[in-house]
J.: 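Pasting a structure below so you can have a look.
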Amino acid sequence: FDLSRDGSHLFTGSRDGCVLAYPLHGPPSEPTTLLSYADAVSGVSLHPSLPLLAVSVGERTFPLRFGGKRRREGGEGGEGGE
């Protein structure tokens, strides 16, 4: 999450892929959806002096192995690092 330079809004991401802006002053209200993605938004950051918004999007997904067990990255039976 990040705060606007003037402190009027809090910007955050959501698991359902939205970048949200919450107003911090005035009566409580619903957030504004600024952007929408197919994967979760895990990070939102505002540039300190330019009108730029950086967003990190995506989730790690792993194919299922035999017996319905998930492969763990770098763990037993996983690929890489051995």
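Just the heavy atoms: all of them, side chains too, but no hydrogens, waters or symmetry mates, feed the values below.
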J.: Starting at OG of S45, measure out to CZ of F11 and round the result to the nearest 0.5 Å.
T.: 11.0 Å
J.: Can you name the nearest heavy-atom pair linking G7 to L24, along with the distance?
T.: O-CD1, 3.6 Å
J.: Does V57 belong to the same Ile/Leu/Val/Met/Phe/Trp/Tyr cluster as L34, with side-chain heavy atoms less than 4.5 Å apart forming each link?
T.: yes
J.: Would a 4.5 Å heavy-atom cut-off, applied to side chains only, mark F1 and L10 as touching?
T.: yes
J.: May I ask you to test the S14-V41 pair for a side-chain heavy-atom distance under 4.5 Å?
T.: no
J.: Is a side-chain N or O of H9 found less than 3.5 angstrom from the main chain of H25, in a donor-acceptor match?
T.: no
J.: Could I get the full list of side chain to side chain contact (heavy atoms under 4.5 Å, CB included) partners for S56, not counting sequence neighbours?
T.: S42
J.: Among all residues two or more places apart in sequence or in another chain, which pass the side-chain hydrogen bond (donor to acceptor under 3.5 Å, both in side chains) test with T32?
T.: none
J.: Between D2 and L46, is there a donor-acceptor pair closer than 3.5 Å when you use the side chain of the first and the backbone of the second?
T.: yes
J.: Rounded to the nearest 0.5 Å, how far apart are CG of D16 and OG of S36?
T.: 7.0 Å
J.: Identify the two heavy atoms, one from L20 and one from P31, that lie closest to each other, and give their separation to 0.1 Å.
T.: CB-CB, 4.1 Å
